[in-house]
Chemist: 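First the structure, then my questions, so here it is.
Excluded from the calculations below are hydrogen atoms, water molecules and symmetry mates; all remaining heavy atoms, backbone and side chain alike, are included. Numbered from 1 within each chain, the chains take letters A, B, ... in sequence-line order.
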Protein chains: 2
Amino acid sequence: MWLNNREWSAWLHLLATFTLLPAALDSQLQREAGMSHFEFGVMAALSRQPGRRLQLKDLAVVANGSLSRLSHVVSRLERQGWVRRVSGARGRATNAELTDKGYKKLMEVGPIHFAEVRRLVFDVLTPEDVKELRRVTSRLNAGLIPETNLGPLARRTRASALRRSS
Amino acid sequence: MWLNNREWSAWLHLLATFTLLPAALDSQLQREAGMSHFEFGVMAALSRQPGRRLQLKDLAVVANGSLSRLSHVVSRLERQGWVRRVSGARGRATNAELTDKGYKKLMEVGPIHFAEVRRLVFDVLTPEDVKELRRVTSRLNAGLIPETNLGPLARRTRASALRRSS
DNA sequence: CGGAATAAGTTGACGTTTCAACCTATTCAG
DNA sequence: CTGAATAGGTTGAAACGTCAACTTATTCCG
């Protein structure tokens with residue numbers, strides 16, 4: 001219906017993967033750790049930052065989510081005592097910081113989760129496959145990353161261009 | 001944290017792809033056609049069936065969704081007049097059938113949607129990439145497809161085995 | 001044949017995501 | 001310096017997905 005056969009077949013497979021895989025991971029984390037895959041991702045991202053903290057807008061980029069979503073998620077994680085909000089020294093910035101309790105939880109959940117990732121992904125693929133997967137997804141992402149990554153200058157330019165043209 | 005470097009990098013990219021890509025497609029379809037990507041998938045699947053109808057349980061497999069989700073979605077699509085429920089000749093089976101209105105809508109939306117798919121996916125990749133993508137996702141799916149696909153015999157056997165062992 | 005187990009579907013409640021509206025600190029242009 | 005625009009964030013409502021409970025038809029087994 002506007003894709004050739006080769007593309008159509010690839011598309012069906014890709015579709016199935018990105019429907020089934022997140023569902024599988026979400027479901028396992030939910031059952032065995034009481035958190036969503038997204039929440040896990042946020043906490044894992046925080047754990048790798050100096051001071052285990054990050055400003056929400058940056059967290060949004062790292063976790064591939066909207067600012068609104070991040071705000072909600074951080075609220076939930078705060079309720080669990082795994083994360084705490086720390087208003088940044090300057091301006092309206094808000095930082096999310098992983099608490100000790102959160103860090104402990106993460107250390108506990110990590111192995112469980114990654115065992116599942118290994119089972120579902122890396123055990124199934126050869127090292128070759130992994131290399132290809134990395135290469136191809138990396139290409140796809142380049143086209144998917146929103147204009148955020150044009151850098152401040154390009155963004156500013158683009159913004160005024162839009163303004164002028166309206 | 002339990003993945004080696006190569007795997008970790010691949011994992012981050014894969015994660016970003018299957019977060020960003022569905023989000024992008026969903027958002028475009030929602031804006032320009034007032035339907036979700038999943039709904040589109042369901043209607044597209046129906047359109048390829050003889051009589052443009054399919055039993056819900058089969059639709060669930062084709063669309064990679066739970067039966068419950070399908071039931072809800074079909075209700076929504078029914079409200080739009082794009083799909084109608086037809087109780088199967090035999091038994092408790094329920095079929096979903098694409099209406100003419102639904103077909104028309106689909107024909108209208110299809111090109112718009114696939115243009116976006118092309119833009120985000122196939123324009124970015126070489127034919128080589130597409131081949132690899134198909135190959136790797138197909139492998140992943142093999143491990144992801146739930147036990148549904150063991151086939152009726154294996155399923156029955158497995159079921160009684162479980163029963164006996166409890 | 002008769003009851004237990006199972007398959008197919010529906011439903012309602014609950015939690016999550018998205019979207020739009022909003023707020024307020026900061027920056028920029030004139 | 002002042003007002004407009006923008007960046008960062010929050011919030012509430014509506015839409016959506018998941019889960020568990022439930023219903024009814026069918027099949028299996030003794």
Chemist: Please check if the side chain of S75(B) supplies one atom and the backbone of S71(B) the other of a donor-acceptor pair under 3.5 Å.
Modeler: yes

Chemist: How many Å lie between CG on L29(B) and C1' on dC16(D), as a whole number?
Modeler: 15 Å

Chemist: Rounded to the nearest angstrom, tell me the gap between atom CG in L70(B) and atom P in dT11(C).
Modeler: 14 Å

Chemist: Any pair with a residue in residues 2-18 of chain B that passes salt bridge (charged side-chain N to carboxylate O under 4.0 Å, His left out), sequence neighbours left out, goes on the list, sorted by first then second residue, please.
Modeler: R118(A)-E7(B)

Chemist: Classify T94(A) by what it touches in the nucleic acid, base, sugar-phosphate, or nothing, heavy-atom distance under 4.0 Å.
Modeler: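 If one applies the 4.0 Å heavy-atom cut-off, T94(A) turns out to touch the sugar-phosphate alone, with no base involved.
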
Chemist: What distance do L25(A) atom CG and E116(A) atom CD have between them, rounded to the nearest 0.5 Å?
Modeler: 6.5 Å

Chemist: Heavy atoms under 4.0 Å is the rule here; annotate nucleotides 12-23 of chain C 5' to 3' with B where the base is hit, S where only the sugar-phosphate is, and - elsewhere.
Modeler: B---SSBB----

Chemist: Rounded to whole Å, how long is the line connecting atom CG of L59(A) with atom P of dG8(D)?
Modeler: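 My rounded result for the distance is 14 Å.
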
Chemist: Calculate the interatomic distance between D26(B) atom CG and dG17(D) atom C1'; express it in whole Å.
Modeler: 12 Å

Chemist: How would you label the contact of L56(A) with the nucleic acid (heavy atoms, under 4.0 Å): base, sugar-phosphate, or nothing?
Modeler: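 Sugar-phosphate contact only.
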
Chemist: Round to the nearest Å and state the distance from H37(B) atom NE2 to dA15(D) atom C1'.
Modeler: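 Computing the H37(B):NE2 to dA15(D):C1' distance gives 18 Å.
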
Chemist: Between F114(A) and F40(A), how do the two ring planes meet: parallel, tilted or perpendicular, split at 30° and 60°?
Modeler: perpendicular

Chemist: D58(B) CG to dA8(C) C1': how many Å, rounded?
Modeler: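 In whole Å, dA8(C) C1' lies 11 Å from D58(B) CG.
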
Chemist: Got a donor-acceptor contact below 3.5 angstrom from the D58(A) side chain to the L54(A) backbone?
Modeler: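 The answer is no, because no donor-acceptor pair under 3.5 Å joins these two groups.
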
Chemist: Any donor and acceptor pair, going by atom type alone, linking the side chain of T137(A) with main-chain N or O of T17(B) inside 3.5 Å?
Modeler: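 No.
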
Chemist: If you check the R85(B) side chain, which of dT10(D), dG9(C), dT10(C) turns out closest?
Modeler: dT10(C)

Chemist: Expressed as a whole number of angstroms, how long is the span from L54(B):CG to dG9(C):C1'?
Modeler: 15 Å

Chemist: Go through the structure and list residues passing side chain to side chain donor-acceptor pair (under 3.5 Å) with Q80(B), not counting sequence neighbours.
Modeler: none

Chemist: Report the distance from atom CG of L67(B) to atom P of dT6(C), rounded to the nearest whole Å.
Modeler: 18 Å

